[in-house]
Number of protein chains: 2
Amino acid sequence: MKDKAWDKRRKIMTSALHLIAENGFHASPAAMIARNAGVGVGTLYRYFKNKDALIREIYMQVRQDMDDIIYRDYSEELPVRDRFMGIFTARVKYLLAHPDTYKFLEQYHHSPYYFNKKREKSASDEALFTDLLDYAKSRHIVKDMDNKILCAIAFGPILFLFKEHLTGSVRLDDELGGKMAGACWDALKF
Amino acid sequence: MKDKAWDKRRKIMTSALHLIAENGFHASPAAMIARNAGVGVGTLYRYFKNKDALIREIYMQVRQDMDDIIYRDYSEELPVRDRFMGIFTARVKYLLAHPDTYKFLEQYHHSPYYFNKKREKSASDEALFTDLLDYAKSRHIVKDMDNKILCAIAFGPILFLFKEHLTGSVRLDDELGGKMAGACWDALKF
DNA sequence: GGTTAAAGAGTGAATGTTCACTCCGATAAA
DNA sequence: TTTATCGGAGTGAACATTCACTCTTTAACC
């Protein structure tokens with residue numbers, strides 16, 4: 001059965017995700033990842049060519065999972081502002097529920113893995129947000145700037161704040177998330 | 001003379017800063033840092049207790065240097081908006097001129113160094129921005145939220161965008177920096 | 001000033017540890 | 001029995017850190 005095999009594979013990935021979130025890439029040796037997943041080191045290398053491949057695969061998986069949930073009940077019927085608010089608050093909810101994912105992603109995004117390697121475009125779901133922005137710009141609802149820039153304005157603050165949340169200097173919750181969404185919308189709108 | 005000695009110390013620190021910015025913490029061995037600084041490995045350990053201490057000291061130094069320059073010609077005489085714009089654009093200018101510093105800082109901020117250790121408050125200069133916010137809030141010029149949150153709204157976007165700038169997907173320059181400052185101000189203001 | 005001794009800075013080969021990764025015997029599935 | 005999957009001791013390489021030593025500067029003395 002493939003099921004068992006893929007179960008181990010997933011266990012290795014989540015084990016690595018947690019350890020890396022907590023200790024960083026370097027301080028999460030393969031042996032520890034394997035032990036934590038309840039498998040032998042050899043098994044890890046059966047499923048992943050090397051540690052880098054494992055890390056890169058976790059990255060892609062985790063992005064996919066996150067986007068799937070954030071855009072799960074996204075509807076193009078709603079007004080632009082509501083759509084934005086929905087995406088924003090869904091993102092906050094996801095971050096709060098999955099701090100390890102945040103830690104992993106941000107570590108990855110600020111490491112040479114991300115800087116030095118070619119862009120991996122998954123984009124499929126990211127495209128929904130891009131479409132939203134394009135539509136909003138055509139209607140002069142949001143500022144006419146490059147989408148990357150609008151993304152920065154829209155999500156830069158919440159990522160920044162979540163970092164502070166994790167160090168304990170701010171308490172982020174759904175309510176504050178809503179306020180942030182409002183403020184970020186103000187920055188976006190024409 | 002102390003001068004020579006501190007010269008080596010500084011050389012080690014800048015060498016480490018560059019290597020870490022480029023290769024990350026783990027892929028910058030002490031031997032390479034020393035070689036790059038033109039000193040022996042032993043010398044590194046004469047000036048720094050260990051690699052962690054070196055990294056932590058670079059972090060504090062680099063923050064200090066950055067704040068010194070950003071707030072160099074900050075004046076409390078100007079209107080609130082102008083003060084904010086000045087700080088923001090000075091920050092952009094600094095980032096553009098010192099990408100290695102950005103890479104180092106962000107790597108540090110998203111690593112266990114920052115997450116797991118107690119807060120190191122230098123704050124001296126950060127305090128100027130906090131004061132500005134407090135004043136602006138008292139005058140109902142900016143939204144009444146916790147300073148950390150306002151910081152996130154103010155600087156989250158530009159940090160996010162600079163990351164994209166470094167991967168080449170956006171070209172950040174002084175002009176775009178100015179536009180970002182304007183947009184972020186919109187998010188801040190009451 | 002000249003001589004010599006003490007102090008301190010600088011070094012890199014040597015050390016012990018840790019790691020990523022392999023390999024082969026054990027185990028389970030078919 | 002044959003075949004596919006696992007596991008973890010084993011391996012070499014790479015690393016952080018040390019230490020025994022040299023070279024340079026300073027201090028002390030005449």
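The analysis underlying the following values was restricted to heavy atoms, covering all of them including side chains, and did not include hydrogens, waters or symmetry mates. In the text below, chain A, chain B and the rest are named by the order of the sequence lines, each starting its count at 1. Source: prediction; values computed, not measured.
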Checklist outcome for this item: Of Gly42(B) and Ala31(A), the one whose nearest nucleotide on DNA chain C sits closer to the 5' end is Gly42(B)
Checklist entry - Side chains of Lys11(B) and Asn36(B): donor-acceptor distance under 3.5 Å anywhere? => result no
Item to check | Reported CZ-to-CZ distance for the pair Phe129(A) and Arg91(A), which is rounded to 0.5 angstrom | outcome: 7.5 Å
Item to check | side-chain N/O Tyr45(B) vs dT18(D) OP1/OP2, d < 4.0 Å | outcome: no
Checklist entry - Going by distance alone, is a donor N or O of one side chain under 3.5 Å from an acceptor N or O of the other, for His165(A) and Tyr102(A)? => result no
Item to check | Separation of atom CZ in Phe48(B) from atom C1' in dT17(D), rounded to whole Å | outcome: 15 Å
Checklist entry - From dG7(D), dT11(C), dA9(C), pick the nucleotide closest to the side chain of Lys8(A)? => result dG7(D)
Checklist outcome for this item: Asn23(B) CG to dC15(D) P, in whole Å, measures 11 Å
Checklist outcome for this item: Whole-Å distance, Ile33(A) CD1 to dG8(D) P, equals 16 Å
Item to check | Atom pair distance, as rounded to whole Å: CG in Leu44(A) and P in dC6(D) | outcome: 12 Å
Checklist entry - To the nearest Å, how far apart are Met32(B) CE and dG12(C) P? => result 16 Å
Checklist outcome for this item: Checking dC6(D), dT18(D), dT11(C) against the side chain of Tyr47(A) (C-beta onward), the nearest is dC6(D)
Checklist entry - Side chains of Arg56(B) and Tyr113(B): do they bring a donor and an acceptor to under 3.5 Å? => result no
Item to check | Separation of dT17(D) P from Asn50(B) CG (nearest whole Å) | outcome: 5 Å
Item to check | Shortest side-chain distance from Pro29(B), nucleotide among dT11(C), dC15(D), dC6(D) | outcome: dC15(D)
Checklist outcome for this item: Note: for Arg46(A) and Phe25(A) on DNA chain C, the residue whose nearest nucleotide lies more 5' is Phe25(A)
Next on the checklist: Counting only side-chain heavy atoms from C-beta out, which of dG12(C), dA16(D), dA20(C) sits nearest to Val41(B)?
Outcome noted: dG12(C)
Checklist outcome for this item: Rounded to whole Å, the CG-P distance (Leu19(B) to dA16(D)) equals 12 Å
Next on the checklist: Regarding Lys143(B) and Asp186(A), does a basic nitrogen lie under 4.0 Å from an acidic carboxylate oxygen?
Outcome noted: yes
Next on the checklist: Measure CG/Asp7(A) against P/dC6(D) and give the value in whole Å, please.
Outcome noted: 10 Å
Checklist outcome for this item: Against the side chain of Ala30(A), the closest entry in dG10(C), dA20(C), dT17(D) is dA20(C)
